[in-house]
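Residue numbers begin at 1 in each chain, while the letters A, B, ... track the order of the sequences.
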Amino acid sequence: MKSADQKSYQRLLVTSALPYANGPIHLGHLAGAYLPADVYVRYQRARKRDVIFICGTDEHGVPISIIAEKAGITPQQLVDRFWADHFDTFSRFGISFDNFSRTSAAIHHQTAKEFFKVIYDKNYLVERTIQQFYCTSCNRFLADRFVEGTCPHCKQAGARGDQCETCGSSLEQTELIDPYCKVCGRTPVLRETRHLFIKLNEFQQKLETWLKGKKHWKKNVLKYCRGWFKKGLGERAVTRDLSWGIPVPVEGYEDKVIYVWFEAPIGYISATKEWADKIGQPDRWQDYWCRDDTQLVHFIGKDNIVFHAVIWPAMLMGHGQFVLPAEIPANEFLNIHGEKLSTSRNYAVWLGEYLEQFPPDPLRYYLSVNAPETKDADFTWEEFQQRNNSELADILGNFVNRTLTFARKQYAGRVPPCHDLDALDESMLADLKQAPEKIGQLFEQFELRKAAYALIDVARTANKYFNDQEPWRSVRENPQKGQTTIHICIQVVKTLTVLMAPILPFSAEKVWKMLGLADDVHEQPWDGCGERPLSAGHELGLEEILFKKIEDKQVQPEIDRLRSILAEDKGQTMSSGENQKRKQAPGIVYDDFARVELRVARVVSAARVEKTDKLMQLKIDLGGEERQIVAGIAQHYQPDELIGRQIVVVANLQPAIVRGIESKGMLLAAEDADGKLALLTLDRPAADGAKIK
RNA sequence: GGCGGCGUAGCUCAGCUGGUCAGAGCAGUGGAAUCAUAAUCCACGUGUCCGGGGUUCGAAUCCCUGCGCCGCUACCA
């Protein structure tokens, strides 16, 4: 980050990940993508840089249509509700977007279609036919989440087509046992459908080269990308059979929509266009998107890394006319009391609920000083309370308070004059002078934790200065010294106010008023803010308590609520402890073995699966029944040496799709320590399909 | 199964490319002070830096290995 060429760019375009409009905003969202971005933007504004902050809701896609359907409203009604909810929550937390748009906006539909068309016209898309479940009664293809069934792994009913909530394994919709349509409950049929895929592989080289130039990026970002490159980028569907979304602007695809993952990030561009329209300079958006000297900064959570650092840049490269991300400060996750957030279990802290009890700044501070920068962080109400009380209230707030109270009582609420400086005064002023530079550096490098800490540290130093100078004593024994001390303390308060504004915007406004200043604290220049004292005689405003202490009884109900959710879950895993018992048992019972249907099969044909190292596609004869299986033995056997042989297969294994090929069964082989495979065969011939016991 | 991360004082964590790196905050103990939100300031930490090997003049920091958590992802033994 140190190398971030701060001089070479002229303007900053900062974005936060587009929140999905299917539920309210919780702590994790705020800590990962919104608060760090807002603090950064506020800081940059104070540096008087040309910066805009863009965001908006992501409103298309399957989950939204499902939720809307269940609630008996239209998707549009649903996203209208959540757009308003998000907008309101962010405003109340002081997240200072220049524009908070939405992907259902007309300008986005238009922008996304144009973008799509460019990619299409440049031949980066290719048509593929795939198999997908189709519900004949609803008359539509079922997206992964629209199909439910029994999980092939844990056998729990109610698993979704993309993932089983119970055991957490990710699924292909075709793996589900007894699949049914989530909407009407009927059994769907497999049907072919055409889709357009983007050939991401064509961008891999360019992307790798580009990313090599990003040495200062966070390690976690680079590592995730490296992993993807190692595997190699493949093709990715960019269209879907769905009605809620942006129609594909290509002939023959009118009844399909652009896949949300493709269309949503284009929202960054549309939202910038909308911003330009709103300020009455419709072409301004191009300054930010089409000029090389723009620094594009995407704040995201780690779940979005590969997307923003690989796929989205590939799209931008494909399009060709827009800037690429310059910085991707990705944050890790925030746990709550040691456990992962879970919206479905309501194990979360919702921001709306937080605001019913507490002001925004204490949370902004706590999430800054405890930001999930390099690893997952943990939120606890106890620590939140403790940090509010001891750092914001006792150290920062109390310093402001003792200074202003002192000035009001001793100097009639006016700034006393400054006289000769002693060593302590000099030292305090020196610290003040370098504070903006020091904290600014940290903001610049996305080191929010350290910046928040450094801010409180200024107040710590100031408290020590106050103590050491003992103005309550010098006011009697050496009036000039007392005046000088308080004069400087007021200068500290003023500086602190500017320095705290990015993290604690609401509190900064309060202090600014207490100082008797009428202009806007957020307009104050950061540079040199440690060296601009209030002049002697300036009349101060009325001080008030900046940060209230948070009492145990205020956080206790929240703690209890979270605990009870955890306790409930534990109870459930206990009661479904059948699995655990089985795990503890030293062996399996006969019935367990009997469930595995092993049979003799004759290999009818064999062929390597293209573009794979290990896979071979086999047709086998199970005594009248012919099947296709996929086996990972290509590195050990040639197709020719398998044809005609009798092998052993698990006949009742759940079918699976491996690299797009259905596999109905699994052959058996022995693996030695080197990883060499030896196929199981028969000692003497038996009938094809014979059972093995 | 593969890839990646993490494991440092009672708690939460800093410690980048190896040599004042054994640290900070909180909690705890003692003291100073009393302007202030019963706030502030000062002093005090003998921790097997997860275990075991190795490289090195020297490792919490690099390599190997074991254990324990966690994340991502699978090409069906």
Length of the [atom1]-[atom2] vector between [X] and [N], whole Å:
X	N	atom1	atom2	answer
A:Lys549	B:A36	NZ	P	15 Å
A:Asn335	B:C6	CG	C1'	13 Å
A:Asn463	B:A36	CG	P	14 Å
A:Ile647	B:A77	CD1	C1'	13 Å
A:Glu447	B:C16	CD	P	12 Å
A:Lys218	B:G71	NZ	P	19 Å
A:Lys450	B:C13	NZ	P	16 Å
A:Leu424	B:U40	CG	C1'	16 Å

Which is true for [X] with a 4.0 Å heavy-atom rule: it touches a base, it touches only sugar-phosphate, or it touches nothing?
X	result
A:Thr485	nothing
A:Phe547	base
A:Lys464	sugar-phosphate
A:Leu546	base
A:Lys409	sugar-phosphate
A:Tyr453	sugar-phosphate

Q. So, do A:Tyr365 and A:Phe547 have ring centers that fall under 6.0 Å from each other?
A. no

Distance check, [atom1] atoms only: [N] and [M], in whole angstrom units.
N	M	atom1	value
B:C42	B:G4	C1'	45 Å
B:A33	B:C11	P	35 Å
B:G68	B:G10	P	23 Å
B:C6	B:U61	C1'	15 Å
B:G2	B:C13	P	29 Å
B:U73	B:C16	P	29 Å
B:A9	B:G25	C1'	12 Å
B:A59	B:G19	P	11 Å

**Q.** Distance below 4.0 Å between A:Lys375 side-chain N/O and B:C13 OP1 or OP2
**A.** no

**Q.** Side-chain N or O of A:Lys340 closer than 4.0 Å to phosphate OP1/OP2 of B:G71
**A.** yes

Taking a pair as Watson-Crick or G-U wobble with both distances under 3.5 Å, which nucleotide is matched to [N]?
N	value
B:G71	B:C3
B:A9	none
B:U56	none
B:C41	B:G31
B:A14	none
B:U20	none

Mind running a 4.0 Å heavy-atom check of [range] against RNA chain B and sending the residues that fall below it, in number order?
range	value
residues 376-398 of chain A	A:Gln386, A:Glu391, A:Ala393, A:Asp394, A:Gly397, A:Asn398
residues 305-312 of chain A	none
residues 468-479 of chain A	A:Trp472, A:Arg473

Are side-chain N/O atoms of [X] and [Y] paired as donor and acceptor at under 3.5 Å?
X	Y	answer
A:His419	A:Gln483	yes
A:Thr461	A:Asp431	no
A:Glu382	A:Gln386	no

Q. Considering heavy-atom distances to RNA chain B, does A:Trp228 or A:Arg460 have its closest nucleotide positioned more toward the 5' end?
A. A:Arg460

Q: Just say parallel, tilted or perpendicular for the rings of A:Phe384 and A:Tyr366, cut-offs at 30° and 60°.
A: tilted

Q) Under 30°, 30 to 60°, or over 60°: which ring-plane class applies to A:Trp381 and A:Phe358, parallel, tilted or perpendicular? A) tilted

Q: Only counting residues at least two apart or in another chain, list the ones meeting salt bridge (charged side-chain N to carboxylate O under 4.0 Å, His left out) with A:Glu509.
A: none

Q) Should the heavy atoms of other residues, nucleotides or ligands under 6.0 Å from NZ of A:Lys438 be counted, would the total exceed 12? A) no

Q) Quick one: does A:Pro416's side chain get under 4.5 Å of A:Ile490's, heavy atoms only? A) yes

Q: Please tell me which of the listed nucleotides, B:A36, B:A24, B:A39, lies nearest to the side chain of A:Arg402?
A: B:A36

**Q.** Partner set under side chain to side chain contact (heavy atoms under 4.5 Å, CB included) for A:Leu222, not counting sequence neighbours
**A.** A:Leu211, A:Trp217, A:Arg226

Q. For A:Arg387, which residues count as a side-chain hydrogen bond (donor to acceptor under 3.5 Å, both in side chains) partner, sequence neighbours excluded?
A. A:Glu383, A:Glu391

Q) Is the charged tip of A:Arg402 near the ring of A:Phe466: under 6.0 Å from the six-membered ring centre and within 45° of its axis? A) yes

Q. So is A:Lys302 actually on top of A:Phe333's ring, under 6.0 Å and inside 45° of the axis?
A. yes

**Q.** Pairwise distance OG1(A:Thr403) to CD(A:Glu543) - rounded to 0.5 angstrom
**A.** 10.5 Å

Q | Passing option when A:Asp394 is tested against A:Arg460, A:Lys548, A:Lys549 for salt bridge (charged side-chain N to carboxylate O under 4.0 Å, His left out) | A | A:Lys549

